[in-house]
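Everything below concerns the one structure shown next.
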Protein chains: 2
Amino acid sequence: MVNPNVSVDCVVFGFDGDGLNVLLIEQKDVGQRIRLALPGDLVLDEESLHEAAQRVLWELTGLEGVYLHQCGAFGDPNRVRDVKDLAWLQSYRENPQARVITVAYFALLKSEDFNPHASSFAERVFWHPVYQVPELAFDHNAIFSQALRILRKEMRHRQVGHELLPEKFTLSQLQTLHEAIFGEMLDKRNFRKKIIKEMWVLPLEEKQKGVVHKPARLYEINANTPVLEE
Amino acid sequence: MVNPNVSVDCVVFGFDGDGLNVLLIEQKDVGQRIRLALPGDLVLDEESLHEAAQRVLWELTGLEGVYLHQCGAFGDPNRVRDVKDLAWLQSYRENPQARVITVAYFALLKSEDFNPHASSFAERVFWHPVYQVPELAFDHNAIFSQALRILRKEMRHRQVGHELLPEKFTLSQLQTLHEAIFGEMLDKRNFRKKIIKEMWVLPLEEKQKGVVHKPARLYEINANTPVLEE
DNA sequence: CAAAGATAGTGTATTTTTTACACTATACAA
DNA sequence: TTGTATAGTGTAAAAAATACACTATCTTTG
């Protein structure tokens, strides 16, 4: 039923309107040590890797159809043999010795869609800023870094990332999102020029409400953006 | 010793000075049907995925230290259940029913380094032009397409691909290589301008010999090219 | 040894893209 | 009415990409 050799791990990015966060889970380790990890699970016999990742996210958040992007397979035999991980493996895995190859995915979530709560998965689930991610189980730090690198790469070429925003958003929110992902400030005028020219968004006849300053126009994602090669 | 659930498959690109080729293997199927496939193998317990791919290439070509780049994990449960593949699986795999997830790599070879010959691997090993690749076993056509897409992507950003050329080469050879990989013609002057500006190559004090026209200057790869982000 | 054949090698003008930069407009609150 | 906070806008300069055609040099052949 469960394949003992193959797992998926998910790097779930969330955006709270300000900074970019990643979803971490806390597992109670034997001896009360705190163990942080990315959500992941062994793959079932009759599901594809993509489906396995969807399932992990569903079990974790209750959300379906989350945007997912594969970002690498990690298969060093030693990735599940670090001393820091032995106790946990022995407590929770049927076959603690098994060689496990993991396929990593990153997922994008609107923060508004998910307020972390404990699940079947873990003692605790919480958002953590992508800067200064703490030490994680197994090779999850390497997986996280690669996911962020690939997210940035995708972002440069496609209008990916709107999955992190509400349906209607202002250009300033979009800019803040880009700044959070790239970790650098962008010029307002140049940013808008580019977004408009590439037709990533469409203006709505609607404005922001309940703000204490000039309300900004709202936009929505243009589902028909021409897909750039590469 | 062998992990029954995880394999690696290699898309080996070779360049013969003219067109881009991929290495295919021909397996004698039961009933004399011809089966074409990418070289690949199940992963051993004590080797990493990368090492497994290196081993496959070594068994196939005798070459060590070949440039390899991971280009995706393929794990649909049905990828090893197509009727066209059943007979072969039953003849050659200890456990023909096993769910096999494969991790794909692409490799780059100088044609001069490898003249295909049969190996332990297959009845026959041969170069095939990357255009109009025939029907392959399992999901190998999808793996091939993805590998080519990712090779092109890499090529646009890094000075990858010189692994396909001899150590000393002319700018025209380099241009022909780029044209073969992208499948489109490039402007000679603009191509040279760009290559020189980005310092991908260094000029040598040496010229081509034995050609029936003005001999071209030879160049070598600049190992110290600044690595672009992304 | 002259001419033909073949590819090497080179520069400039035009267009497009990217970058840098600062002020006015509008809504709400006090 | 004024203050405060963010929205929204244009232009000039620099850099990068594109289009384009002729001369140079080597070998072979007549």
Side-chain angles (χ1 to χ4, degrees), chain A residues 16-19 152-153 155-159 165-166 168-180 182-220 225-226 228-230, chain B residues 16-19 152-153 155-159 165-166 168-180 182-220 225-226 228-230:
Chain A
D16 56 14
D18 185 26
R152 286 175 174 165
K153 203 154 151 177
M155 191 93 173
R156 252 185 270 276
H157 297 290
R158 308 194 190 276
Q159 91 287 35
L165 287 175
K168 300 171 178 181
F169 51 86
T170 71
L171 292 184
S172 293
Q173 288 176 304
L174 184 61
Q175 181 174 344
T176 306
L177 170 62
H178 278 244
E179 289 172 339
F182 291 122
E184 64 186 30
M185 295 292 107
L186 302 171
D187 178 88
K188 186 173 19 169
R189 282 180 284 196
N190 294 340
F191 178 76
R192 286 169 184 233
K193 222 180 302 176
K194 179 170 176 165
I195 293 294
I196 300 294
K197 185 171 64 74
E198 306 204 346
M199 297 195 304
W200 286 354
V201 298
L202 297 172
L204 299 171
E205 286 312 314
E206 201 174 336
K207 299 208 165 174
Q208 225 179 4
K209 272 180 189 145
V211 288
V212 64
H213 53 76
K214 176 175 175 179
R217 178 180 289 274
L218 293 173
Y219 288 76
E220 62 179 5
T225 306
L228 315 174
E229 198 42 58
E230 193 261 17
Chain B
D16 56 14
D18 185 25
R152 286 175 174 164
K153 203 154 153 179
M155 192 93 174
R156 252 184 270 277
H157 297 290
R158 311 195 188 275
Q159 91 286 35
L165 288 173
K168 301 171 179 183
F169 51 85
T170 70
L171 292 186
S172 292
Q173 288 175 304
L174 184 60
Q175 181 175 345
T176 306
L177 171 62
H178 278 244
E179 289 172 339
F182 292 121
E184 64 185 32
M185 296 292 106
L186 302 172
D187 179 88
K188 184 165 37 163
R189 282 181 284 196
N190 294 339
F191 178 77
R192 286 170 184 232
K193 223 181 300 176
K194 178 170 175 164
I195 293 294
I196 300 294
K197 187 172 64 74
E198 305 204 349
M199 298 194 305
W200 286 354
V201 298
L202 297 172
L204 299 171
E205 286 313 312
E206 200 173 337
K207 298 208 167 176
Q208 227 179 0
K209 272 180 187 144
V211 288
V212 65
H213 52 76
K214 176 175 174 179
R217 178 179 289 275
L218 293 173
Y219 289 77
E220 63 180 3
T225 307
L228 314 174
E229 198 42 58
E230 193 260 15

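So you know, we letter chains A, B, ... as the sequences are listed, proteins then strands, and number each from 1. Computation of the quantities below employed the complete heavy-atom set of this structure, encompassing side-chain atoms and omitting hydrogens, waters and symmetry-equivalent molecules.
Looking at heavy-atom distances under 4.0 Å, A/Lys193 makes contact with a base. As judged by a 4.0 angstrom heavy-atom cut-off over every strand, A/Arg217 is placed among residues touching the sugar-phosphate backbone only.
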In the 5'-to-3' direction, what one-character label does each nucleotide of nucleotides 23-30 of chain D receive under the scheme B = base within less than 4.0 Å of a protein heavy atom, S = sugar-phosphate only, - = no such atom?
-BBBSS--
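A donor-acceptor pair is defined here as one N or O able to donate and one able to accept, closer than 3.5 Å; such a pair exists between the side chain of A/Asp16 and the backbone of A/Gly19.
Within the 4.5 Å cutoff, the side chain of A/Leu171 has no heavy atoms near those of the A/Gln175 side chain.
Counting to the nearest Å, the C1' atom of D/dA19 and the CZ atom of B/Arg192 are 17 Å from each other. The CG atom of A/Asp187 sits 15 Å away from the P atom of D/dG10 (whole-angstrom rounding). In this structure, the CZ atom of B/Arg156 is 17 Å from the C1' atom of D/dA16, given to the nearest Å. Between the P atom of D/dA7 and the CD atom of A/Gln173 lies a distance of 9 Å, rounded to the nearest Å. Here the P atom of nucleotide C/dA25 and the CD atom of A/Gln208 are 20 Å apart, to the nearest Å. To the nearest angstrom, C1' of C/dG9 lies 12 Å from CD of B/Gln175. In this structure, B/Phe191 atom CZ and C/dA8 atom C1' are separated by 14 Å, rounded to whole Å. Taking atom NZ of residue B/Lys194 and atom C1' of nucleotide D/dA16, one finds them 10 Å apart after rounding to whole Å.
Between A/Ser172 and the phosphate of D/dA7, there is a side-chain N or O to OP1/OP2 separation shorter than 4.0 Å. Phosphate proximity of C/dG9 to B/Arg189: absent, as no side-chain N or O sits under 4.0 Å from OP1 or OP2.
Aromatic ring orientation, A/Phe191 versus A/His178: perpendicular (interplanar angle above 60°, classes split at 30° and 60°).
Here the CD atom belonging to B/Glu220 is positioned 10.0 Å from the CD atom belonging to B/Glu206, to the nearest 0.5 angstrom. Distance check: B/Asp187 CG to B/Lys194 NZ gives 12.5 Å after rounding to the nearest 0.5 Å. Annotation: the span from A/Asp18 atom CG to A/Leu177 atom CG amounts to 11.5 Å, rounded to 0.5 Å.
Nearest to the side chain of A/Lys188, among C/dA20, D/dT9, C/dA8, sits D/dT9.
Checked against side-chain contact (heavy atoms from CB on, under 4.5 Å), A/Glu184 has the following partners two or more places apart in sequence or in another chain: A/Phe182, A/Leu186.
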